[in-house]
Amino acid sequence: MFIAYGILNTSSAGAIKAIDKQSVHQICSGQVVLSLATAVKELVENSIDAGASNVDVKLKDSGIELVEVSDNGKGVEEQNFEGLTLKHHTSKLRDFSDLIHVETFGFRGEALSSLCALSDLSVVTCHESAQIGARLVYDHNGHLTQRVPHPRQHGTTVTLQKLFSTLPVRHKEFQRNIKKEYSKMIFVLQSYCIISTGVRITCTNQTGQGKRTTVLCTSGSNSMRDNIGAVFGPKQLQSLIPFQQISPGESIKEDYGLGEVDVPKDLFVIDGFVSQADHGVGRSATDRQFFFINKRPCDPVKASKLVNEVYHMYNRHQYPFVALNITVASDCVDVNVTPDKRQILLQEEKLLLAILKSSLMAMFETGVNKISLNHITPAITKDREIGSVSEALPDDEPPKTSINLARLKEAFSNHQVPGIGSKQSSHKAACSGSSQKKMFSFVSCSKKMTDIMRPPLKSSPSFAAVSSIKKLTVCLSGLHPSIYETDVKAETISEPVDEKFWSYKPLVPETKSEQHQDRMSSPEAKRARYEAEPLAQNCLVDSKSKNASTQLDSPVSIQKNTVLLQFSLQELSKRMQRLQAQKKENHEQELKYRRFRAKINPGENQSAEDELKKEISKDMFKDMEIIGQFNLGFIITKLKSDLFIIDQHATDEKYNFEMLQKNTVLKGQRLIAPQSLHLPAISETVLMENLEIFRKNGFDFLVDEDAQVMERVKLVSLPTSKNWTFGPSDIEELIFMLSDSPGIMCRPSRVRQMFASRACRKSVMVGTALNTSEMKKLVLHMGEIEQPWNCPHGRPTMRHLANLDMVS
């Protein structure tokens, strides 16, 4: 109570007051329009809501100087000029209950008001009932400041100049990251191009005083497939299959906890297109995935994750192209979640996920299990030859040009061709009878008999083995004919021995000297003994004295030389004192804390790498002392009081890899004729802006800026390096990487794989013995490369072993 009383009696500066309207306007506007993509999205949505069939987006300097959106919609009536840009003024709903059934993109009345606060906004409009248009200029508060007649056809043009100029920090960041902002805007605009059937959308950009280039263009078709082809080219259409919706099965319903009572029928209707699951057809990233709910572009995180997971069951290295529109009753959707309306809440979301999973699995399974039979020439006429194939196909369907592999496998497994494998099976059955078991028991007789029948340790193992094999062949001749062909080498057979059948008495009792001799025998003698053990157990029948004589070695006499050493306890104590004093001085000079704390553990690779980067500079490698080589694969080095272990193969591989990346020039192979790539307009723009990076990677292009979109760039040269060849897929990967980090040198992943493979093959292998100078050379190389901490495949090159001060 005392604290509350103190707060209430503070000065008037801390009193709670209402924020003035202008400040509220600026604060809220910055939350509604966050980026260039949001600004363009709001204007395009207004045009589509106005019933436009033609929307034209014009940018200058990628949107820094100018953003202009024109349409041929209904236009704005004169009575609405004042309220057009006021906060929360809209014609799309009157009260909150209308929000449930709203079908337009916008409904809050915030977009134009927020854009007024963030830029210089002007509007040229002509309503369909008006004779002449008007040009309207608004201030940052959304108030109309100028109105003049202006000739225009029916429709509206909204112009934004100097976007984000009223927010200095955001404006500076916007200019610095303009290429990323531009790419995000294109992605958002692509989603409206795909879903807006019957609307022609065009986007152009002008850099400086140069020529205006077309970035996106659709034809206004009523088909989503045609719009996809217009945006991404005909090549993308070849890999797409239409989405076929089916009801989820019982197992999938159980996975999502759906019972019969909980599942409403016909709640969701899904249509659209997805990539085939064949390898090489998908994308290297999720850059072409578009989801719509009631034709509204959105980001359903769970649905997107599910589609990619199912696709990875059939093609684990790529991502699908996705364009799916989910139609659902408007009262089951909440679109008023975030200002950009990209996050949407759904009722019965688990049912939607179950439908998506079952439908996609059914689509992909029918696709991956088919083989094309277009080029089969021999005609099959005999009933016996086509029996298994005809059984795999349904009886009521005519033969098609593709066979389902799953059914074909089932047919072959159920109806085996007689004669094939019958000999093998009967042979195995004969061999696995009682005689087989007796032979195994015969060969794996007890250990005591083996110790007595052991050949001399110093005798020739090959001679003993060969003679035993001959005797074993004679002994086994009465068992079964198939036993002759078995390999008579020592095997560990876990077959129980019948004690009654294999009863015996030891010929010579075991002594302690024999047991000691067994432990101390050499590997060669053991190998000879193990080869002879299963052979000599019941075939060699000799006298007791002969067996006993073969078991003993001749005595060996060892002579030892004794040398007297001079020793002084007084001198030893003086040396110990000097060492202790020197050690104490070193301890006082050095820091007394543990620098390296990460263990040699795969789970701590990242923390160990961070420690090495922090504590070791590249010039320290030349000061490392070589202690030696461990296990023919690791170099032990010492730096002051720290011991390090270095992987000789990984460190040499990383050095060779960086040298290859630095010095290798990929030579281009000229094509006979230029190859059209049919790249989308945004991809063409990224490529033309980064031509030098493509040339360094061995690609060369013929650029015609006056040609149509998707025909401006043609490939004239491809990089080749020995048996590695590259193609359009590597170009698309480079374009994707450069759209995220424009102007930064990068290489396709396959080029990196090629360099990593070559570096691995030419590096020092594990198992190679190295002398001190060779080990020193590898350690010095670590100080000459950019990232010496990991090899190209991710293995750590070095780890901290121990601190000698702490060990002592």
Item to check | Side chain proximity check, Cys746 to Leu734, heavy atoms < 4.5 angstrom | outcome: yes

Next on the checklist: With a sphere of 6.0 Å drawn around OH of Tyr319, does it hold more than 12 non-hydrogen atoms of other residues, nucleotides or ligands?
Outcome noted: no

Next on the checklist: Can you list everything that forms a side-chain hydrogen bond (donor to acceptor under 3.5 Å, both in side chains) with Asp226? Sequence neighbours excluded, please.
Outcome noted: Ser221

Checklist entry - Backbone N or O of Leu360 within a donor-acceptor pair of the Tyr311 side chain at under 3.5 Å? => result no

Checklist entry - In chain order, what residues pass the side-chain hydrogen bond (donor to acceptor under 3.5 Å, both in side chains) check against Glu349, with sequence neighbours excluded? => result none

Checklist entry - Would you find more than 12 non-hydrogen atoms of other residues, nucleotides or ligands less than 6.0 Å from Glu705 atom CD? => result no

Checklist entry - Any salt bridge (Lys or Arg N to Asp or Glu O under 4.0 Å) pairs touching residues 118-136, not counting sequence neighbours? => result none

Item to check | Test item: Asn227 side-chain N/O and Cys193 main-chain N/O as donor-acceptor pair under 3.5 Å | outcome: yes

Checklist entry - Just by distance, do the side chain of Ser119 and the backbone of Cys116 share a donor-acceptor pair under 3.5 Å? => result no

Checklist entry - Looking only at atom types and distance, does a side-chain atom of Asp61 sit under 3.5 Å from a main-chain N or O of Ile64, one as donor and one as acceptor? => result no

Checklist entry - Do Ile693 and Leu738 come close enough that some side-chain heavy atom pair is under 4.5 Å? => result yes

Checklist entry - Is a donor on one side and an acceptor on the other found under 3.5 Å between the side chain of Ser239 and the backbone of Gln236? => result yes

Checklist entry - Would you say Asn325 and Val269 make side-chain contact, with heavy atoms under 4.5 Å? => result no

Item to check | Side-chain heavy-atom pair Val33, Ser114 within 4.5 angstrom cut-off | outcome: yes

Next on the checklist: Please enumerate all residues that pass side-chain hydrogen bond (donor to acceptor under 3.5 Å, both in side chains) together with Arg283, with sequence neighbours excluded.
Outcome noted: Asp287, Glu732

Next on the checklist: Checking side chain to side chain donor-acceptor pair (under 3.5 Å) between Arg212 and each of Thr207, Thr204, Asn205, which is the one that passes?
Outcome noted: Thr204

Item to check | Residues Glu78 and Arg147 bridged, charged N to O under 4.0 Å | outcome: yes

Item to check | Check: Phe694 ring centre within less than 6.0 Å of Phe701 ring centre | outcome: yes

Checklist outcome for this item: Phe164 meets the ring pair (Phe, Tyr, Trp, His ring centres under 6.0 Å) criterion, sequence neighbours left out, with Phe174

Next on the checklist: side-chain contact (heavy atoms from CB on, under 4.5 Å), that's the test. Do Leu240 and Gln238 meet it? Break it down for me.
Outcome noted: CA-CA 6 Å; Leu240 299 185; Gln238 296 172 4; over 6 Å; no

Next on the checklist: What verdict does the salt bridge (charged side-chain N to carboxylate O under 4.0 Å, His left out) test give for Glu173 and Arg176, after you've listed the backbone C-alpha separation in whole Å, the side-chain angles of each residue and the deciding distance to 0.1 Å?
Outcome noted: CA-CA 5 Å; Glu173 193 72 10; Arg176 190 169 67 87; 2.7 Å; yes

Checklist entry - Side chains of Phe268 and Thr327: closer than 4.5 Å at any heavy-atom pair? => result no

Next on the checklist: Filter on salt bridge (Lys or Arg N to Asp or Glu O under 4.0 Å), then keep only pairs touching residues 65-75, sequence neighbours left out; what's left?
Outcome noted: none

